[in-house]
Amino acid sequence: MARSTGEDAQALFHSLRSAYAATPKNLKIIDLYVAFAVFTALIQVAYMAMVGSFPFNSFLSGILSCTGTAVLAVCLRIQVNKENKEFKDLPPERAYADFVLCNLVLHLVIMNFLG
Amino acid sequence: MARSPLILVALISLIPLLCHSFSPETPTGRRILVLVDDLAVKSSQSLYFKSLSSRGYELDFKLADDPKIALQRYGQYLYDGLVLFCPTVERFGGSIDQAAILDFVDSGHDLIIAADVQSSDLIREIATECGADFDEDPAAMVIDHINYAVSENEGDHTVIASDNLIKSDVILGSSKIEAPVLFQGIGHSLNPANSLVFKVLSASPATYSANPKSKLSSPPALTGSAISLVSVMQARNNARILISGSLSMFSNRFFRSGVQKAQSSTKHEKSGNEQFLTEISKWVFHERGHLKAVNVKHHKVGEEDEPAVYRIKDDLEYSVEIYEWSGSSWEPYVADDVQVQFYMMSPYVLKTLTSDKKGVYSTSFKVPDVYGVFQFKVEYEKLGYTTLSLSKQIPVRPFKHNEYERFIPAAYPYYGAAFSMMVGFFLFSFVHLYSK
Amino acid sequence: MAAEPRWGSGGGAAALLLLLLVAAASICHAASNFLPVSDAHRSAALELFAPVDGSFGSLEETSEALQSFDILGIERRTNVRGSTCSSAVEVLGSSSSPVKDVFYALKVSSLLKCDVRQSQLEAIASRLKSVPSDASSLNDFYYSIGGLVLIKNQIPVVDVLLEDADKVFQAIKALSQSDGRWRYSSDNPVSSTYAAGMALETLAGVISLASNEIGQSRIDAVKNDILKLFDSIEKYDDGTFYFDEKVDGVGPLATTSSVVQGLTAFASTASGRVKLPEDNILGLTKYFLSIGIPGDAKEFFNQVNSLSCLENSRVSVPLILALPATVVSLTNKDKLKVRVTTALGSRSPPLKVKLVRAFISGSKDASVIENQELIFDSEGAFHILDLLPTSIDVGKYTFVFEIVLQDSEDAKVYVTGGQTKVPVYISAIIKIENAEISVLDSDLGSVDTQKKLNLGKEDDVSLAANHLQKLRLSFQLSTPHGHAFKPHQAILKLKHEKAEHIFLVGNSGKKFQVILDFLGLVEKFFYLSGRYDIQLSIGDAVMENSFCQDLGHVELDLPEAPEKAPRPAAQPDDPFSKYGPKAEISHIFRAPEKRPSENLSLAFLALTLLPFLGFLVGLLKLGVNLKNFPSAPVPAMFAILFHVGIGSILALYALFWLKLDLFTTLKALGLLGVFVMFVGHRILSHLASTSSKLKSA
Amino acid sequence: MSASETAGERTVRHAFGNVLAFFILLLIGVLAFSIRLFSVIKYESVIHEFDPYFNYRVTQFLTKNGIYDFWNWFDDRTWYPLGRVIGGTVYPGLTLTAGTLWWVLNSLNIPLSVETVCVFTAPTFSAFASWATYFLTKEVKGPGAGLAAAALLGMVPSYISRSVAGSYDNEAVAIFALIFTFYLYIKTLNTGSLFYATFNAISYFYMVCSWGGYTFIINLIPMHVLLCIVTGRYSSRLYIAYAPLVVLGTLLAALVPVVGFNAVMTSEHFASFLVFIIIHVVALVYYIKGILSPRMFKVAVTLVLSVGIAVCCAVIAILIAVVASSPTKGWSGRSLSLLDPTYASKYIPIIASVSEHQPPTWPSYFMDINVLAFLVPAGIIACFLPLSDASSFVVLYIVTSVYFSGVMVRLMLVLAPAACIMSGIALSEAFDTLTGSIKFQLLGYSSVNSQAAAGDASPDSTSAQSNALKPDKSEETAKERTSKKSKKKEKEREKEKEQVDQSSVQPRAGRRLQVLPLEASIIGVFLLILLGAFYVVHCVWAAAEAYSAPSIVLTSQTQDGGLHVFDDFREAYAWLRHNTEVDDKVASWWDYGYQTTAMANRTVIVDNNTWNNTHIATVGTAMSSPEKAAWEIFNSLDVKYVLVVFGGLVGYPSDDINKFLWMVRIGGGVFPHIKEPDYLRDGQYRIDSQATPTMLNSLMYKLSYYRFVETDGKGFDRVRRTEIGKKYFKLTHFDEVFTTHHWMVRIYKLRPPKNRIRGKAKKSKSKTSSASTSKRTAKIKKNPWQ
C-alpha cells in the first residue's frame with residue numbers, strides 16, 4: 001500500500017514536472033519571482049522566530065512586502081495566463097499596468113510602515 | 001491724657017492706608033488689639049506687654065465689652081494680631097463676636113487666648129474652634145500635688161511649676177529655659193487626630209483637673225499628661241494661635257516670683273514665665289519659623305527657559321528658593337530635608353533637594369516613561385514652621401511619531417527584504433515585459 | 001457663701017453701712033491674707049527708678065522717684081541732685097514754662113532742697129496766683145494751687161494766700177457732678193473719678209490757702225460729694241475696694257490713688273471729720289497691698305504714695321494683720337505667726353491679737369478653737385500661737401483673728417477692720433498602711449492572688465485576671481493624730497496602649513479600697529485584652545507625701561468584642577511623626593526589549609538577500625532575453641523613460657524611508673506618477689498593438 | 001442590416017439612458033443633501049450632541065496646527081491627570097476629510113468657518129453614499145435597481161438619524177466608505193482587474209480611518225469568499241479580489257495609529273487571514289487540477305488531503321492558541337457583544353450604559369427602515385434568480401447586518417444600506433415584471449402569431465422595435481402623474497431591454513412565462529407607487545421631526561403652541577468659560593466631557609471616549625459616595641468644579657439621576673465598596689421618601705436636589721414623577737456656584753479644606769451652661785492682681 005502511494009507520488013511528480021514544463025516562459029519567470037518572494041518571507045519568519053518580533057512594524061512590513069509581491073505576481077500570472085478563459089478579453093499589457101500600479105502602492109505603504 | 005486713646009483710635013483707623021497689614025511679604029504685623037475685661041490687667045500684666053511693645057508692637061488696650069471696638073473697618077482689618085485677656089467676658093462689645101474673631105484668624109491673623117478659672121463659654125467656644133477643649137467644669141483648676149510650686153501663702157497646690165516643654169527651638173527659641181514655668185488656671189485637652197495643634201507646656205502624670213474646694217465625686221475629666229496647659233495652633237493658612245489655660249501666668253507676679261518645685265531643693269530666683277512667654281509670643285507673631293518659597297524654576301538639562309511640556313525620559317532640573325522671615329528681613333533658609341515630588345495621582349519621583357546655603361534648593365531627575373499631566377509638588381512641613389506647599393502643573397507627552405528609534409540593527413533583515421523586493425520588482429517589471 | 005446674693009444686691013450700698021453692719025460685713029469677706037510693703041518693694045523701687053545718666057528723666061518722674069524713695073525710707077541719691085536742681089531752677093526761671101512743669105519743678109526743688117531765690121519764688125507765686133482766677137480746666141487749678149501749696153510749705157514767708165479763695169472754690173466746685181464724679185473742664189462733658197481725686201486735692205489746697213475761712217456749708221457740700229463718690233466704689237472678690245474709671249485710658253490703680261490722695265488731703269485740711277466707713281479705707285489699703293509690686297514706675301509711685309497718704313492721714317490709719325506663712329507643717333513643728341503693721345510695714349501701736357475661732361474651711365460645723373490670745377514676741381514683733389491644740393489636725397482651716405487696741409485713743413485713729421479671716425493649711429506626712437492588691441474570683445470573693453504593696457516606694461507587681469474575676473486594691477491612710485484622712489486625689493489608672501481608664505478610690509473610715517469587677521467593665525474596656533499598667537496617685541494639698549506611682553501591671557483576657565461594640569477613641573499618636581523627610585522614590589523605567597546581537601542580524605540580512613541572487617540566477621537559467629524590446633527608437637525611448645520613471649519612484653520611496661516626510665513624497669510621487677502614466681500608456685499601447693499584429697499575422 | 005439598425009437605436013437609447021441616469025443621480029444627491037437640512041432650518045447651524053463636539057474640536061486643532069501636530073497631539077485637557085493621546089486614539093478619517101474640505105475651500109477662496117464645514121460634511125457624504133449605493137446595486141442587478149436603491153438610501157431614516165446637518169460624527173462618512181468599499185469589491189469580483197483591487201484596498205483604508213465598523217467589512221468579505229468557495233463558485237477573479245485586499249488592506253490598516261498592530265493582533269481580523277490561507281490552498285488545488293489529468297489529480301487529492309488536513313488542523317490550532325492568549329480573548333468588548341448580545345450588559349457596564357448599544361425594539365425597526373422591512377424579503381428572492389457572486393454578497397450582507405442590528409441599535413446604520421439595496425432590487429424587479437406584462441398585454445394582440453414561433457430573430461426585432469415605440473407614449477402618460485419612481489420605471493424597462501437583448505434567449509423565455517393580467521399589474525404598479533409615496537412621507541417626517549433635534553438645544557411646545565427653547569447647556573458652558581480659571585478641572589459624568597472641553601474649554605476628568613474604565617469608575621464612585629468621601633476623591637484629582645445635569649425641574653429625562661445607576665455599577669465594578677443593592681429599595685430605583693439612605697446621601701442626589709424644594713414648596717420631580725425623599729439639607733463640602741435658567745445644569749465648587757480643626761467639645765453643651773454663666777456674672781470680679 002505504502003509502496004503504491006509511493007509510486008503514485010512518483011508518478012504524480014513526474015506528470016507534474018512534465019505538465020509544468022509545458023508552461024510558457026513568461027509564466028515561469030513569474031513563478032520564479034513568486035518563489036523568490038516566498039523564500040525571502042520564510043527567511044524572515046525564521047529570523048523572527050529566533051530573535052523575537054521586536055521591531056514589530058519592520059517585521060510586518062518585511063513579511064507583508066514579500067507576501068504582497070507574491071500575491072500580486074500570482075494575480076498577474078492568472079491574468080496573463082493564456083489558458084485562463086476568464087481573462088481572454090483583458091489584454092496582458094493592461095494587466096501589467098495594473099500590476100505595476102498595485103506594486104507601487106504596495107511599496108509606498110511598505111516604506112511608510114518600515115519605520 | 002483722657003483724649004489720647006481717641007487720637008490713638010484715629011491713628012489706627014488711618015493705619016491701613018499708610019502701613020501694611022499682614023502680608024506674605026512682611027509676615028510680622030505690628031498692630032495688636034488687646035481685649036481685657038478689667039483695665040487693671042494692663043497694669044498687672046504690664047511686664048508681658050512691655051516685652052511686646054519693646055519689640056515694636058503697637059498695643060491697643062480695650063475693654064472686651066467696650067461698645068466701640070471693631071476688628072475691621074471698610075473690609076480692612078485694623079489689627080494684625082489679637083490678644084484675648086478677658087476670660088470672663090460673656091459677649092464682646094462693638095462688632096466683635098466669635099465669628100468675627102474666627103474670621104480674623106481665617107484671614108491669616110494671629111491670636112492669643114488666655115482663659116482662666118470661671119472663664120466664659122465664649123472664650124471656651126473660641127478655644128474649641130481652635131482645637132483646644134477646656135475642662136467643662138467651670139470651677140475646675142489644674143491641681144498637681146507633686147509638681148506644685150512651693151510657697152508659704154498658697155496652700156491648695158494650684159500653682160504648678162511645670163518644665164516639660166515642647167522640644168522645638170523654632171517655637172521656644174534656641175536658649176534653653178532653665179526655670180520651671182508657673183501656671184495657675186484650667187487645663188485643656190487636644191484632639192489627638194488634630195494635626196494643627198500641639199502642646200507647648202504639658203502637665204505631669206500626677207496632674208488632674210478638678211475643683212480644689214469640693215471633694216472629688218466622679219473621676220476627673222482630665223488627668224495626667226493628657227492635660228495641656230499651653231498649646232499653640234498653626235492654622236492651614238499659617239495663622240498662629242496661642243491658647244493658655246491661665247491668665248495669671250502672664251502676670252507680673254509670676255514673672256517676678258521665684259520658683260521652687262516641691263520635692264526638689266533647687267530654687268530659681270526667677271520663674272521661666274518671662275522667657276517662655278516672650279519667646280512663644282515671638283513665634284506666634286511670626287518673628288520665627290515663617291518660610292516663603294520664591295521663583296520656582298524647572299527646565300531641561302542644558303536649557304534655560306522652562307518648556308510648556310516635557311517628553312517622557314527627558315532629563316530636567318528643578319530649583320526653588322526658600323527664605324525664612326527673621327522678624328525684620330528675609331534670610332536664606334537652610335535645611336536638608338526639603339523634598340520635591342513629581343506627582344501624578346501618586347508621586348512617581350520623590351527627591352530631596354540639595355541646598356547651597358544661600359536658600360536655593362535644586363535637584364535634577366529623569367522624567368518617568370509615563371505620560372500625563374504631572375505636578376512638581378513641594379510639601380514642606382516641619383514642626384513650628386509654616387507649611388510650604390507649592391505645586392506646578394506640567395504635562396508630559398509621549399514620543400512623537402518621528403522620535404522613535406529608527407534603523408534598528410535588529411531590523412536589518414526586514415529592511416533588506418523590503419528593498420530586495422523593490423529591486424526585484426523593478427527587475428521583474430523589466431524582464432516580464434520584454435522577454436520572449 | 002449663703003450670704004453671696006445679699007452682697008450682689010447690696011454691694012453698692014456698702015459705703016452707707018454703719019460700723020456694726022461693717023463688722024458683720026467684714027466677717028463675710030472672703031478669707032484672704034495681705035502682706036504689708038516689704039523689702040521686696042525697696043529693691044524693686046531701686047530697679048524701677050534707676051537713674052539714667054544721672055537723672056530720672058522728666059521733672060515729674062524725678063519727683064515721683066524721689067517721693068517714693070522718701071516714703072520707703074531709702075536714702076536719697078545725691079548724685080542726682082545737681083543736674084536735677086539746675087533744670088528745675090531753669091524751669092522756674094522762665095516765665096513762659098507751663099504751669100504743670102512749674103508745679104513739678106517746685107516739687108522737685110522742695111524735695112531736693114534746691115536753693116531757689118526767694119524773688120524767683122515770689123514771681124512764680126504771683127504768676128500762679130493769677131492762674132486760678134481765669135482758669136477753666138481742672139488741670140490748671142490743680143497745678144497752680146498745688147504749686148502755691150508747695151511754695152507755702154517751702155518758704156512760709158512768701159505770700160501765697162488767695163484773696164478770692166471763695167470764688168475759686170466755687171469755680172472748682174462747679175465742675176462736680178451729681179454722682180460724685182468731676183469734669184476736667186467746664187466745656188468737657190466727660191465726668192471722671194480721677195478728676196474727682198484731683199479736684200478734692202485742689203480744694204484742700206484752696207482751703208489751706210484761703211485767706212479767710214471758706215463757708216462750712218460749702219465744705220459739707222463737698223463732703224456730701226465724697227460720700228456720693230464712694231457709692232461708686234468697686235469691690236473685688238477678695239474684699240478689696242477700688243475706684244474704676246469710666247473714661248478709658250486711666251487704669252483703676254491711678255484712679256484709686258488719685259481719689260485716695262484727694263480724699264486724704266481734703267480730710268486733713270477740711271475742718272471736721274469726714275465720715276467714711278472703715279472697711280472702705282481698709283479695703284482700699286488692701287487693694288494697694290494686693291497689687292504687690294507693680295510693673296512700672298508710675299504705678300509704683302501711685303501705690304506707694306497713696307499708701308503713705310492713708311498711713312499719714314489724720315482720718316484713719318489702717319492696720320494690716322498678716323501671716324507670713326499660711327502653710328503650717330505639723331511634721332516640722334511650725335508655729336503660727338501673726339504680724340500686725342501699718343500698710344507700709346511700720347510698727348503698730350501696742351495691741352493684742354485674739355484668735356476668735358478657727359474652723360475647717362468650707363464646713364459649717366463648729367469651730368475647733370475658741371477665743372485664744374496670741375503671745376506677743378517682742379523682738380520679732382510677732383504674735384505667736386505657740387502650741388497648736390491637738391484638736392487641730394491636718395486640713396484646711398480658716399482662722400479668724402481680731403485686733404484689740406490697748407489704748408482707746410488709738411481706736412479713733414486706727415482702723416482694724418474688725419475680724420480678719422485667714423485661710424491656713426495645716427499639712428503633715430500621712431501614714432500609709434497595709435496596702436495590698438489582689439485578684440478575686442467573682443462568685444464568692446475567694447482570693448486568687450494577693451500582693452502586698454509598699455506605697456510611696458517603688459512597686460512592680462504583675463497580675464493576671466480574666467473577665468470573671470475582680471481586682472481589689474486597698475490601703476489605709478491616717479493622720480499623725482491617727483484620724484482618718486481623705487485625700488482630695490485618690491485615683492487608680494488602668495492604662496492599655498489603646499485606652500485609659502480612671503477609677504476613684506473610695507473610703508470607709510481609714511480604709512480605702514476599690515474593687516474592679518471586670519465582668520461589668522468589659523464594655524467600658526472595649527473588650528481589649530492584654531497588658532494594663534496600674535497607676536495609683538494619691539495627693540492632697542495638706543499631704544506632704546503625695547505620690548503618683550506605677551504599681552505594675554495586670555494581664556487581662558477579655559472576651560472577643562461582638563459586632564458594633566464601641567471602638568476606643570484614637571490614642572494620641574506621635575504628632576511629630578508627620579514631620580521630617582519621607583523616603584525617596586525613584587521611578588522604575590520599563591526595561592527595553594532584548595536586542596539580538598548585531599552580527600546575527602547582519603548575517604540574516606545577507607541571508608535575506610540570498611533569494612534575490614537566486615532570482616537573478618534563475619532568470620539567467622531561464623535564459624531571459626529582451627527580444628521584445630521595441631526596436632524603433634521612439635518606443636524604445638519611451639520604454640526606457642518608463643522604467644526610469646518606475647525606478648525613480650522606487651528611489652523616491654527609498655529617500656522617503658531615509659529622510660523625506662510623507663507630504664513632499666506624495667507631491668513628488670504625483671508628478672512622477674503622471675509622467676510614468678503617460679509614458680507607460682504610450683509604450684504599453686505600442687507593445688499591445690505589436691502583439692495584436694503578431695496574433696493577427 | 002436590421003440588426004445594425006437596431007444596434008444604432010440601442011446605442012442612442014443607451015446614451016439617452018445614461019444622461020437621464022446621470023441627472024436622476026444628481027437629483028438624488030440634491031435630495032439626500034437637502035432632506036438633512038431640517039435641523040439647520042428649524043434650529044441653527046450648530047454641532048449636535050456629544051461626540052461631534054469632540055470631532056469638531058479635533059478638526060479645529062487640525063486646521064490650526066496641521067496634520068503632524070494632529071498626529072502627535074497629546075491632549076492634556078481631558079482625562080486629567082492621565083491626558084489622552086488624541087492622535088493615537090481617534091479615527092482620523094472624518095477629521096481629515098473635513099479638514100481637507102475646509103482647506104480646499106479656503107484655497108479656493110471660499111471662506112467658510114470650520115464649524116460650517118463640519119456641520120455640512122454629513123449631508124454631503126450622504127449624497128456620496130447614495131451614489132455609491134447606485135454603483136454597488138448597479139453591479140449587482142443593473143442600473144434600474146441601482147437608481148431605486150440610491151433614491152431609497154438618500155432618505156432612509158436610520159441613516160438620516162446619524163447624518164443630519166450638524167451631527168458631525170464618524171458614521172457620517174463611514175457609511176459612504178462602507179458602501180463604496182463593497183462596491184469596489186464587487187467591481188473587482190466582476191472584472192477581476194488588479195486596478196479595482198488596488199482602489200478597493202485604498203477605500204478600505206479610508207473606511208478604517210473613519211470608523212471602528214471596518215471590522216464588519218474585514219469579516220464580511222472573507223465570509224463571502226468562504227461562501228463562494230464552499231458553494232464551488234471559486235474563480236481566479238475571487239482570488240484577485242480578495243488576496244491583494246488582505247495584504248494591502250492589513251498594511252494600510254496598520255498605518256492608522258488607532259488600529260496599529262491590532263490589525264494583526266486582535267481576533268476580529270483573524271478570520272480574514274484564515275480565509276487568506278484557505279483561498280491559497282484552493283487556488284493551488286484548482287491550478288493543479290488545471291494542469292493535471294483527472295487520474296493524476298485524484299492521486300494528488302489523496303496525497304494533498306492526507307497532508308493538507310494535518311496542516312489545516314495545525315494552523316487552526318495555532319490560531320485558536322493565539323486568540324486564547326490575546327487579551328479579552330482577542331475580542332474587544334464591543335465586538336464580543338456583537339456575537340453575544342448579552343455580553344456587554346453582563347460584563348462591561350460602561351458599554352451597556354450607552355443607550356445606542358442597547359438592542360433595538362421592533363418599533364425602532366419600523367421607524368428606521370419603514371417599508372423597506374417589507375421589501376427586503378422580495379429583494380432577497382430577486383437576488384436568487386439568477387444567483388451571481390455579487391448578489392450572493394448582498395444577500396450575505398443583508399443577513400449579517402440584520403443580525404447585528406438586532407444586537408445594537410447603532411448598527412441599524414449598517415443595516416440601512418443593505419435594506420435599501422435589497423428594496424431597490426425588489427422594486428425594480430417588481431416594476432420590471434409588472435410593466436413588462438402590461439406592455440406585453442397591450443401589444444399582445446398585434447403579435448399573437450409571432451408568439452407561436454418563439455425563438456427566431458425577426459419578430460424578436462419587431463417586438464423590440466414596437467417596444468421602443470410603445471413605451472414612449474406610455475412615458476408621456478407616465479410623465480403627467482410623475483414622481484421619479486415612474487420615470488425610473490421607464491428607465492428600468494429600457495435598461496432591462498438592453499440587458500435582455502444582450503443576454504441569451506433563456507431569460508427571455510422566462511419573461512414570456514411570468515405574464516400577469518393587465519389590471520392586476522396596473523393595480524400592482526399603483527400600489528407600489530403608493531408604497532413609495534408613503535415611504536417618502538415617512539422619511540420627510542422623520543427627518544423633520546424625529547431626528548433633527550441637536551440635543552444641545554432643546555425645545556418644547558408651550559400651552560399656547562409657542563416654542564420654548566431650553567438653552568441651558570450652552571449657558572452653563574459659557575459660564576464656565578468666563579468665570580473659571582483656565583486650568584481649573586471640571587468633573588462631570590463622562591457624557592458631558594466632550595462638550596465641556598469643546599465649549600467651555602476647561603479640563604475634564606473623563607469624557608465620552610471611554611478608554612480608561614478605572615478613571616470613569618473613580619468618578620462614578622465619587623458621584624455615588626457620601627459628600628466627604630466624594631470630596632476627598634475629587635480633591636485628589638485636583639477637581640475645582642463639579643457639574644451635574646438635572647432634569648427634574650423641566651422634565652428632561654436623560655439627566656444624571658437617571659444615569660445614576662450606571663455610575664453606581666461602573667464604580668462598583670472597580671471599587672467593590674460601592675454596591676448596587678444599597679441604592680435600590682427592594683430592587684427598584686427610587687428617589688422619594690422610600691429611597692435608601694445610601695441613595696439619599698450620595699453626592700449625586702445631593703447635588704441634583706440641593707435647594708430643589710425651594711422651587712415649588714414640596715420638591716416634585718417632573719421626570720421621576722414623585723416628590724423627592726430628602727428635601728432640606730445643607731452641603732458641607734461643596735458650594736453651589738451656578739445653576740442654569742431651567743436648573744438643567746448645576747455647577748458646584750469644592751470648598752477648600754478647613755482652615756482650623758475644631759475640638760471635640762459639643763456645641764450643645766454651651767447652651768445648657770449658659771444659664772450657669774449668667775449666674776456667674778452676678779459674682780464679684782476676681783482681683784487681677786492676685
- Under 4.5 Å from a heavy atom of chain A, the part of D:Phe276 involved: side chain
- A:Phe13 atom CZ: more than 12 heavy-atom contacts under 6.0 Å: no
- What option among D:Leu251, D:Thr250, D:Leu252 has the most heavy-atom pairs under 4.5 Å with chain A? D:Leu251
- Segment of D:Ser235 engaging chain A (4.5 angstrom heavy-atom cut-off): both
- So which heavy atom on D:Ile240 is nearest to which on A:Phe87, and how close? CD1-CZ, 3.7 Å
- Rounded to the nearest 0.5 Å, how far apart are CG of A:Leu101 and CG of D:Leu194? 9.0 Å
- Task: May I ask you to name which of A:Ala97, A:Cys75, A:Ala19 has the most heavy-atom pairs under 4.5 Å with chain D?
- Result: A:Cys75
- Determine the option with the most heavy-atom pairs under 4.5 angstrom with chain A, choosing from D:Val246, D:Thr191, D:Thr302, D:Val247. D:Val247
- Query: Where on A:Asn57 is there a heavy atom nearer than 4.5 Å to chain D: the side chain, the backbone, both, or neither?
  - Reply: both
- How close do D:Ser193 and A:Arg94 get, heavy atom to heavy atom, and via which atoms? OG-NH2, 4.4 Å
- Contact origin within A:Ile78 toward chain D - heavy atom pairs under 4.5 Å: side chain
- Can you tell which part of D:Leu248 gets under 4.5 Å to a heavy atom of chain A, answering side chain, backbone, both or neither? side chain
- Is it the side chain or the backbone of D:Tyr287 that comes within 4.5 Å of chain A heavy atoms, both, or neither? side chain
- Determine whether more than 12 heavy atoms belonging to other residues, nucleotides or ligands lie under 6.0 Å from atom CZ of D:Phe393. yes
- Region of A:Leu60 in contact with chain D, defined by heavy-atom distances below 4.5 Å: side chain
- Task: Count the heavy atoms of every other residue, nucleotide or ligand shown that sit under 6.0 Å from CZ of A:Phe113, and state whether that count exceeds 12.
- Result: yes
- Message: Less than 4.5 Å to any heavy atom of chain A: does that hold for the side chain of D:Val264, its backbone, both, or neither?
- Response: side chain
- Message: Please report the interatomic distance CG(A:Leu108) to CG(D:Leu255), rounded to the nearest 0.5 Å.
- Response: 8.5 Å
- Pick one of side chain, backbone, both or neither for A:Ser18, based on which atoms fall under 4.5 Å of a heavy atom in chain D. neither
- Item | Euclidean distance, A:Leu12 CG relative to D:Ile288 CD1, rounded to 0.5 Å | 7.5 Å
- Message: Using every non-hydrogen atom in the two residues, find where D:Pro244 and A:Val71 come nearest and quote the distance to one decimal.
- Response: N-CG1, 3.7 Å
- Measure the OG1-CG distance between D:Thr198 and A:Leu104 for me, rounded to the nearest 0.5 Å. 10.0 Å
